[in-house]
Amino acid sequence: MAGMSDEIKEAAPTYQDLLDLPENLVGEIVGGELFASPRPASPHARASSILGADIMGPFDRGRGGPGGWWILDEPELHLGSDVMVPDLAGWRRERMPSIPDVAYFELAPGWVCEVVSPGTVRLDRARKMPAYATHGVAFLWVVDPLAKMLEVFRLTDSNWLVVSSHSGDDVVRAVPFDAIGIELSALWID
């Protein structure tokens with residue numbers, strides 16, 4: 001038929017596309033594109049686990065710290081058309097008084113942490129960081145366990161401002177969890 005395009009447009013990914021992925025993959029939809037990443041390798045898992053444990057006690061449980069947060073490992077976030085799974089996320093209790101019994105969260109967290117790996121660094125930095133900014137996440141940490149680095153960002157005027165960068169064996173006090181020191185050396189596998 002005259003005037004019809006020879007191009008076939010691909011349909012936008014759906015939540016069903018995420019559910020259809022093999023169990024060993026983490027699926028996300030960011031900016032209208034489907035991304036599938038393998039489960040984390042040990043350096044990634046170690047950094048995320050230790051960091052979550054260090055923050056959980058003082059900020060989620062109020063043990064040795066101010067409390068006032070809900071801290072969760074790998075929560076599924078449905079923010080607009082984006083479906084993302086940060087390694088860690090936190091909500092201030094004043095904004096989310098209780099944790100809802102849901103499969104995913106539609107309220108943007110106040111803090112997210114992405115632990116990057118060679119296979120996810122582009123997705124985490126080029127796609128997810130701008131999406132988190134668009135959805136109003138106030139603080140973002142990027143942990144690179146291979147480079148032994150932590151970068152701390154604060155959302156300012158819809159843009160990420162680098163607050164601090166830490167490496168090696170530093171003991172870090174980083175917003176919004178600067179009430180405690182975090183030993184970076186505990187995050188790394190030598």
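Of all non-hydrogen atoms in R173 and D178, the two that sit nearest each other are NH1-O, 3.2 Å. Here the shortest heavy-atom pairing between V137 and W160 reads O-CH2, 3.2 Å. When every heavy atom of A89 is checked against every heavy atom of P75, the shortest pair comes out as CB-CG, 3.6 Å. The shortest heavy-atom contact between D17 and A12 is OD2-O, 4.3 Å. Between G27 and L18, the shortest heavy-atom distance links the atoms C-CD2, 3.3 Å. Contact record, T120 with S37: CG2-OG, 3.8 Å, taken as the closest heavy-atom pair.
Between W141 and F177, the distance from one ring center to the other falls under 6.0 angstrom. Note: W69 and W91 fail the aromatic proximity criterion, with ring centroids not under 6.0 Å apart.
Under a hydrophobic clustering in which Ile, Leu, Val, Met, Phe, Trp and Tyr are joined whenever their side-chain heavy atoms come within less than 4.5 Å, directly or via other members, V162 and L150 fall into different clusters. Both V102 and L107 are part of a single hydrophobic cluster, where members link through side-chain heavy atoms under 4.5 Å apart. In the hydrophobic clustering of this structure, L140 does not group with V115; members are Ile, Leu, Val, Met, Phe, Trp, Tyr whose side-chain heavy atoms approach within less than 4.5 Å, directly or through other members. Connection of L184 to V175 is established within a shared hydrophobic cluster, with ILVMFWY side chains joined at heavy-atom distances below 4.5 Å, either directly or through further cluster members. The hydrophobic cluster containing W111 does not contain M96, counting ILVMFWY residues as joined when their side-chain heavy atoms lie under 4.5 angstrom apart, directly or transitively.
One distance of note links CG of D144 with CZ of R125; it measures 7.5 Å at 0.5 Å rounding. Atom-to-atom distance recorded for I180:CD1 and I55:CD1 is 6.5 Å, nearest 0.5 angstrom. Separation of atoms OH (Y15) and NE2 (H78) is listed at 4.5 Å; rounding is to 0.5 Å. Distance check: I71 CD1 to D54 CG gives 12.0 Å after rounding to the nearest 0.5 Å. Here CG of D73 is found 5.5 Å from OG of S48. Values are rounded to the nearest 0.5 Å. Rounded to the nearest 0.5 angstrom, F153 CZ and E114 CD are separated by 11.5 Å.
V85 belongs to a hydrophobic cluster with V26, counting contacts under 4.5 Å between side-chain heavy atoms of Ile, Leu, Val, Met, Phe, Trp and Tyr, direct or through other members.
Using a cut-off of 4.0 Å between Lys/Arg side-chain N and Asp/Glu carboxylate O, K148 and D190 are scored as salt-bridged.
Within the 4.5 Å cutoff, the side chain of W188 has no heavy atoms near those of the P43 side chain. Considering only heavy atoms from C-beta on, R46 stays 4.5 Å or farther from L187 through its side chain. Looking at heavy atoms from C-beta onward, L51 lies in side-chain contact with V143 at the 4.5 angstrom threshold. Contact check for P86 versus C113: no side-chain heavy atoms found under the 4.5 Å cut-off. Residues I99 and L72 meet the side-chain proximity criterion, which asks for heavy atoms closer than 4.5 Å. Looking at heavy atoms from C-beta onward, V142 lies in side-chain contact with M129 at the 4.5 angstrom threshold. Taking the side chain as every heavy atom from C-beta outward, H44 and D87 approach each other to under 4.5 Å.
Every residue two or more places apart in sequence or in another chain was checked for a ring-ring contact (aromatic ring centres under 6.0 Å, His included) with F139, and none qualifies. Applying the salt bridge (charged side-chain N to carboxylate O under 4.0 Å, His left out) criterion to R93, with sequence neighbours excluded, gives D60. Residues meeting the salt bridge (charged side-chain N to carboxylate O under 4.0 Å, His left out) test with E33, sequence neighbours left out: R127. When the side-chain hydrogen bond (donor to acceptor under 3.5 Å, both in side chains) test is applied to E28, the partners found at least two apart in sequence or on another chain are K128. Contacts of R63 classified as side-chain hydrogen bond (donor to acceptor under 3.5 Å, both in side chains), with partners at least two apart in sequence or in another chain: none.
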Between F105 and E76, does a side-chain contact (heavy atoms from CB on, under 4.5 Å) hold up when you go through it step by step? CA-CA 6 Å; F105 295 85; E76 186 171 308; over 6 Å; no
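More than 12 non-hydrogen atoms from other residues, nucleotides or ligands lie less than 6.0 angstrom from CZ of R95. Within a 6.0 Å radius of CD in E74, other residues, nucleotides and ligands contribute more than 12 heavy atoms.
Looking at H166, its side chain never comes within 3.5 Å of a backbone N or O of V171 through a donor-acceptor pair. Formation of a donor-acceptor pair under 3.5 Å by the D124 side chain with backbone atoms of R122 is not found in this model.
Just one residue in the list S165, P176, S164 forms a side chain to side chain contact (heavy atoms under 4.5 Å, CB included) with V152, and that residue is S164. Residue M84 forms a side chain to side chain contact (heavy atoms under 4.5 Å, CB included) with just one option from L79, I29, V112, and that option is L79.
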